[in-house]
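Data first, discussion second: the structure below is written as structure tokens.
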Amino acid sequence: MSQAAEKSDQATALEKNMKEIVALCKRRGFIYQASEIYGGINGFWDYGPLGTELKNNLRDWWWRKMVLCPPIGPDGTPVDIVGLDSAIIQNPKVWVASGHVGGFADPMVDCKETKLRYRADHLIVFTPKDGQGSSIAVQEGDDFEESKARRFKKFAGKKTDADFEKRALSDIAFSEFANIIGPDASKPGTLTEPKAFNLLFETKIGAVASDDNVAYLRGETAQGIFVNYKNVLDSSRVKVPFGIAQIGKAFRNEVNPRNFIFRSREFEQMEMEFFCHPKDAKMWFDFWKEERQKFWQEIGLTKGNLLMREHGHNELVFYSKGTFDIEYKFPFTDPGFGELEGIAYRTDYDLTQHQTHSGTKLEYIDQTTNERFLPHVIEPAAGLTRGVLALLCEAFTPDPSRPSGVYLNFHPRLAPKKAAILPLTAKDGHPEIATKLYLELREEFPVDLDIKQNIGKRYARQDEIGTPYCLTIDNDTLKDETITVRHRNSMKQERIGLSNAKEFIRKGLESAAQ
RNA sequence: GCGGGCGUAGCUUAGUGGUAAAGCGUUGGCUUCCCAAGCCAAUGAUGAGGGUUCGAUUCCCUUCGCCCGCUCCA
């Protein structure tokens with residue numbers, strides 16, 4: 001290792017931590033790099049045997065809390081939410097209506113001088129009305145007025161605000177760029193032609209590829225819900241307010257995948273669109289903000305690592321009347337936080353768009369009040385794969401005092417394996433009893449049976465994959481039908497009856513998050 | 001996408017212009033009454049492609065991937 005690399009390792013001990021988490025994930029079969037034997041592929045990851053279990057556990061828990069057993073609403077009545085599983089590929093018009101094609105295809109410009117990149121629609125250009133001198137570009141943002149004053153002082157001469165015409169860079173022909181001074185440049189003409197960045201993956205439908213059959217892999221699961229809103233309304237006897245939930249893959253051609261599975265090009269979402277009367281939207285927004293925070297705490301993320309952050313005016317998308325992010329303190333964002341879930345008040349934007357583009361009436365008719373309206377939507381949209389990453393980071397607990405040096409402190413209900421059945425030795429009838437217990441327990445829980453090697457090695461292995469309980473069969477078991485429970489976190493042991501094993505694990509799964 | 005750093009077994013490291021070394025892991029066998037113990041054996045790597053060379057893991061180029069900063073993230 002070079003000196004420079006050594007230095008950077010020392011400088012960021014937290015990065016090292018992330019490295020260890022990634023290494024453990026691979027070593028024990030949680031997450032592998034996709035297509036690894038071919039050199040990998042940037043932005044894609046495969047879930048191994050244990051990663052799949054972990055992800056499924058989080059997915060199922062969300063579904064249970066959202067669809068099968070949703071919380072009681074603010075007025076004391078149960079909330080009504082139904083499930084959906086829409087196709088990944090829809091009519092391309094869906095993505096035109098949603099704004100993903102065209103509207104959000106943010107054109108970017110680079111500055112050749114400073115190597116900085118900007119969104120073209122975020123650059124405000126001031127062009128002198130008299131045609132004398134250069135145009136001045138300023139980036140939109142919190143410090144817009146400040147930056148503008150600074151750049152004017154430097155480049156505007158005696159001209160004032162009134163002497164300039166104000167336009168977005170995206171509305172200006174490239175032929176004029178030669179006369180524009182970039183936001184951080186020292187001279188005009190350093191901005192490149194805007195390049196369109198469409199984050200949607202394109203594909204072609206049918207065996208013969210042509211431009212006529214372009215389609216898109218969904219960039220979010222939400223649109224599948226909006227386009228089925230009327231179907232659900234007509235077929236499932238729900239009434240406003242109600243929600244439609246969906247879990248599934250989504251795809252975004254991220255400019256720069258980073259940080260393990262945090263930002264990848266193929267990922268999984270858990271989204272719920274809650275349709276309500278516009279006058280109740282505020283109430284439901286507050287309700288879901290609360291509920292969603294509880295959810296993440298319930299599965300074991302500690303309060304100190306969670307943050308509720310409101311979007312500022314600049315990052316708020318134009319149709320949203322408010323968005324909160326639930327953020328988690330990942331090792332790679334520490335001391336900052338990274339988004340786990342967004343809770344957005346989307347108004348009636350999506351339904352309006354689809355109503356307009358499809359020509360299908362999407363109004364809701366309230367039979368009791370005879371009112372017609374487009375419901376407003378509150379959207380809690382969580383990243384399933386980001387949730388998995390947060391669980392792994394939270395659970396990862398270095399402990400130099402134990403042989404494995406580390407254990408994963410999963411809540412039992414999230415742990416990929418709930419228990420391991422370990423005969424103390426591979427003789428004296430231990431394996432026979434262990435196998436019988438294993439066959440009995442696996443009907444209800446994911447459990448491991450491990451007979452080979454010494455007991456210490458086997459405990460250590462289970463620590464590394466976060467199995468909360470090890471059940472050990474020994475000579476006493478033969479005599480009095482008791483087994484040893486070895487607890488993952490404390491390494492302490494207790495003796496329970498062989499026949500109580502099922503009930504013991506059940507209780508563990510129901511326990512509150514620590 | 002830009003700039004910087006880095007690619008040797010599953011992991012951690014060693015080493016060399018001339019047969020690539022070790023510990024741990026993993027697998028099998030023996031042993032073992034509670035935390036990676038002991039013994040025996042097996043397993044397995046220079047990210048990929050090209051160039052220079054009699055010969056490249058080592059030198060050069062390209063590419064892929066990972067990490068860091070910037071940028072981006074509907």
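Only heavy atoms go into these numbers, but all of them, side chains included; no hydrogens, no water, no symmetry mates. The sequence lines fix the lettering, A, B, ..., with proteins before strands; numbering per chain opens at 1.
For Lys26(A), taking side-chain heavy atoms from C-beta onward, the closest of the listed nucleotides C68(B), A36(B), C11(B) is C11(B). Nearest nucleotide to the Lys452(A) side chain, out of G29(B), C35(B), U71(B): G29(B). Of all nucleotides listed (A36(B), U27(B), C66(B)), A36(B) comes nearest to the side chain of Ala460(A). Distance from the side chain of Tyr319(A) is smallest for A74(B) among the nucleotides C34(B), U32(B), A74(B).
OP1 or OP2 of C68(B) has at least one side-chain nitrogen or oxygen of Asn259(A) nearer than 4.0 Å. Remark: Asn454(A) is not in phosphate contact with C35(B), judged by side-chain N or O atoms under 4.0 Å from OP1 or OP2. Proximity of Arg458(A) to the phosphate of C34(B): no side-chain N or O atom is located under 4.0 Å from OP1 or OP2. Contact annotation: Lys457(A) side-chain N/O to A37(B) OP1/OP2 distance is under 4.0 Å.
Electrostatic pairing of Asp325(A) and Arg292(A) does not count as a salt bridge here, judged by no charged N lying under 4.0 Å from a carboxylate O. Glu266(A) has no carboxylate O lying under 4.0 Å from a charged side-chain N of Arg252(A), or vice versa, which leaves the two without a salt bridge.
At a threshold of 4.0 angstrom between heavy atoms, the contacts of Arg265(A) with the nucleic acid are absent. Residue-level contact check: Phe260(A) touches the backbone only, with heavy atoms under 4.0 Å from sugar-phosphate atoms and none from bases.
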